[in-house]
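Note that the numbering runs from 1 along the sequence shown for the chain.
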Amino acid sequence: MNLNDDVKYIKGVGPNRVQLLNKIGIYTLKDLITYYPRGYEDRSKPKNICECVNGEIALIEAVAVSRFIDSRISKGRTMQKLTVRDETGQATITWFNQSYLKSKFQVRKKI
C-alpha cells in the first residue's frame, strides 16, 4: 500500500465505513493517518489544585476528604460532588449524571 491508495483498500474497511470516512473528508490512507481529533486533553502532567482555574478540565492527584454526594437536580438528572485535597489546597469536583462513580471513590484514598 502507498499513502495515496483509497481507504476502501484497507483491510476491514467496508463500503459503509468508506462512506462515513468520505463524509468527514478522508479519501486516502494519507488522509486517514493525518486526521487528528477535534480536541485533545493532556493527561500526562498532573496539576496541583492551587494551579487549577475554576471550570478548567485538569488532571490532579488528590485524596478524597468527603463522602461522594449524589443529589437529584431535576427529573432524570443528577449531580455528584466530591471534595478532594492535595498538599496545595482543596477542591470540590462536580459531575452530572454519573451516579456510577459513587463506588469508585473512598474517603482518605488517593485518586
Side-chain angles (χ1 to χ4, degrees):
M1 276 195 112
N2 82 43
L3 293 177
N4 295 319
D5 285 347
D6 197 301
V7 289
K8 69 182 173 185
Y9 298 116
I10 299 171
K11 183 177 179 173
V13 176
N16 292 337
R17 182 70 58 180
V18 168
Q19 283 182 347
L20 291 172
L21 291 170
N22 289 168
K23 199 178 219 180
I24 59 172
I26 299 174
Y27 298 96
T28 66
L29 179 58
K30 183 179 179 182
D31 294 338
L32 182 63
I33 62 174
T34 59
Y35 183 80
Y36 300 105
R38 178 178 47 135
Y40 175 75
E41 294 176 11
D42 184 3
R43 296 184 182 176
S44 64
K45 300 175 193 122
K47 286 184 159 188
N48 290 322
I49 290 176
C50 71
E51 300 170 333
C52 295
V53 178
N54 193 22
E56 172 187 25
I57 295 173
L59 173 69
I60 61 171
E61 289 183 60
V63 175
V65 294
S66 72
R67 290 188 4 232
F68 193 84
I69 300 167
D70 195 359
S71 55
R72 182 171 301 275
I73 54 176
S74 68
K75 183 179 178 183
R77 296 178 58 211
T78 59
M79 179 173 63
Q80 296 73 37
K81 289 189 176 193
L82 180 68
T83 303
V84 296
R85 177 180 294 148
D86 70 4
E87 313 81 44
T88 65
Q90 183 170 309
T92 301
I93 304 171
T94 305
W95 293 271
F96 295 94
N97 301 318
Q98 306 289 320
S99 296
Y100 69 92
L101 291 174
K102 186 173 188 173
S103 63
K104 305 288 184 195
F105 302 107
Q106 296 175 358
V107 176
R108 293 187 291 282
K109 296 286 182 177
K110 189 173 187 175
I111 55 171

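- Leu59 and Ile111 fall into different hydrophobic clusters, where Ile, Leu, Val, Met, Phe, Trp and Tyr residues are linked whenever their side-chain heavy atoms come under 4.5 Å apart, directly or through other members.
- Closest approach of Ser44 and Pro46 over heavy atoms only: O-CD, 3.7 Å.
- The two residues Val7 and Ile26 have their closest heavy-atom pair at CG1-CG2, 3.9 Å.
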Q: Test side chain to side chain contact (heavy atoms under 4.5 Å, CB included) on Asp31 and Leu21 and set out the steps.
A: CA-CA 10 Å; Asp31 294 338; Leu21 291 170; over 6 Å; no
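- Closest heavy-atom contact between Ser99 and Asp70: OG-OD2, 3.3 Å.
- Transitive grouping of hydrophobic side chains (ILVMFWY, heavy atoms separated by less than 4.5 Å) brings Leu29 and Tyr35 into a common cluster.
- Atom NZ of Lys8 and atom OH of Tyr27 lie 13.5 Å apart (nearest 0.5 Å).
- Looking at residues two or more places apart in sequence or on another chain, you find a side chain to side chain contact (heavy atoms under 4.5 Å, CB included) between Cys52 and Lys47, Glu56, Ala58, Ile60.
- In this structure a side-chain-to-backbone donor-acceptor pair under 3.5 Å is present from Thr88 to Cys50.
- Taking each heavy atom of Arg67 and Val107 in turn, the nearest pair found is N-CG2, 3.9 Å.
- Contact of the Leu101 side chain with the Leu82 side chain is not registered, since no non-hydrogen atoms from C-beta on lie closer than 4.5 Å.
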Q: Show the numbers, then the answer: is there a side chain to side chain contact (heavy atoms under 4.5 Å, CB included) between Arg85 and Val63?
A: CA-CA 5 Å; Arg85 177 180 294 148; Val63 175; 5.5 Å; no
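- Residue Asn2 holds its CG atom at 11.0 Å from NZ of Lys30, rounded to the nearest 0.5 Å.
- Remark: the backbone N or O of Ser66 is not paired with any side-chain donor or acceptor of Thr83 at under 3.5 angstrom.
- The line from NZ of Lys104 to NZ of Lys109 is 15.5 Å long, rounded to the nearest 0.5 Å.
- Residues Tyr100 and Trp95 fail the side-chain proximity criterion, which asks for heavy atoms closer than 4.5 Å.
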Q: Decide yes or no on side chain to side chain contact (heavy atoms under 4.5 Å, CB included) for Val18 and Val13, but give the supporting numbers first.
A: CA-CA 7 Å; Val18 168; Val13 176; 3.6 Å; yes
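- With hydrogens and angles disregarded, a donor-acceptor distance shorter than 3.5 Å links the side chain of Asp86 to the backbone of Ile49.
- With Asn22 contributing its side chain and Gln19 its backbone, the two residues share no donor-acceptor pair below 3.5 Å.
- Ile24 CD1: more than 12 foreign heavy atoms inside a 6.0 Å radius.
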Q.
Applying side chain to side chain contact (heavy atoms under 4.5 Å, CB included) to Asn97 and Arg77, what does each step give before you reach the verdict?
A. CA-CA 6 Å; Asn97 301 318; Arg77 296 178 58 211; 3.9 Å; yes
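- Of the possible donor and acceptor atoms, none in the side chain of Asp5 sits under 3.5 Å from a partner among the backbone N and O of Met1.
- Remark: Tyr9 OH is loosely packed, at most 12 non-hydrogen atoms of other residues, nucleotides or ligands lying under 6.0 Å away.
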